[in-house]
Amino acid sequence: MTTALITHTDCLKHLTPTGHPERVDRLKTLLELFDEPSFKHLPRHEAPLCTIEQVERAHRPGYYNHIARLEPQSGFASVDGDTHMSPDSLQAAQRAAGANVLAVDLVLTGQYTNAFCAVRPPGHHAEAAQAMGFCLFSNVIIGAHQALSVHQLERVAIVDFDVHHGNGTSDLAWHDERIFFASTHESPLFPGTGLAHEVGAHGQIVNVPLKSQTGNEDFKRAMETQVLPALANHRPQCIFISAGFDAHWRDPLATLRWTDDIYGWATEAICDVADRCCDGRVISSLEGGYDLDGLRDSVAAHLQALMQRSR
Ligand SMILES: [Zn+2]
């Protein structure tokens, strides 16, 4: 079984103001990467639009309509200080969440071992009733609920190696003992949450704050001593990755010092746990990563590692 690549050109229609780091070129860069010889043979699927019901399994009732009403007819609407919507943003956000729903359906029915969702807007800052940090819907939590509700899994896990704390994922997983969540992130940094004592209502959340300038080795140690043992202990039946690539040394929004190859290592380490717990089932979804060269090379390393596991 191979790795599925899930994306949609509607995700290019979510526009942000000039100079905004979360821009169309990020996904264009990845679509060019996917046409290179190493990746062009990968099976691709178009992300469906997620439904209101799927959004509201994760978010508060009425949240979908709240976001839909914010969409402007022209120009931009400000959702919060750094989160904007353009006329096609709702559709892009529905594709981004829908990609995760489809990935769950494909992987849990055994059609693929793992999947990568190349989507935007990202999702891990979107809280139960609040869009923020460039995120509208919690793409990964919407996928997790598809696995729990429709495929009737009992335990899932989410590992978030984006440089920012996944406060939205934490908010939506906080009271749900079925959902393990681990985040490594630079601290102090936006959004300011994710301290080590934030462990969730059932102790199923692991936060590992990392100091500015942390490089590959300290991240590896954090994964090996804190994240991976707790992940395995949860015995997930499917593992999601909130795959942000903004801890890369080139990234303009943060000051960690990771290199491309650490993303291959982290992916392999997570896949090792998945091999032991859940037949290798891993679903990865793009979050941040704002330097185009850093993003391209890091995603290449991540995808290569996923493909190695699905041979
Ligand atoms: Zn980020």
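Treat the numbers as computed from the prediction; the structure is a model and nothing was measured. Atoms within each ligand, like the ligands themselves, are counted from 1 in listed order.
Taking backbone and side chain together, H164 holds an N, O or S atom under 2.8 Å from the Zn ion (ligand 1).
Only one option out of Y263, W258, W249 pairs with F219 in a ring-ring contact (aromatic ring centres under 6.0 Å, His included); it is W258.
A tilted orientation is assigned to the rings of H66 and Y63, their planes being inclined by 30° to 60°.
Within D162, the N, O or S atom lying nearest to the Zn ion (ligand 1) carries the name OD1. The Zn ion (ligand 1) sits nearest to atom OD2 when only the N, O or S atoms of D246 are considered.
Between D35 and R44 a salt bridge is recorded (basic side-chain N to carboxylate O distance below 4.0 Å).
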* To do: For H45 and Y112, run ring-ring contact (aromatic ring centres under 6.0 Å, His included): C-alpha distance rounded to whole Å, both residues' side-chain angles, the deciding distance at 0.1 Å, then the answer.
  => CA-CA 12 Å; H45 291 262; Y112 295 97; 5.5 Å; yes
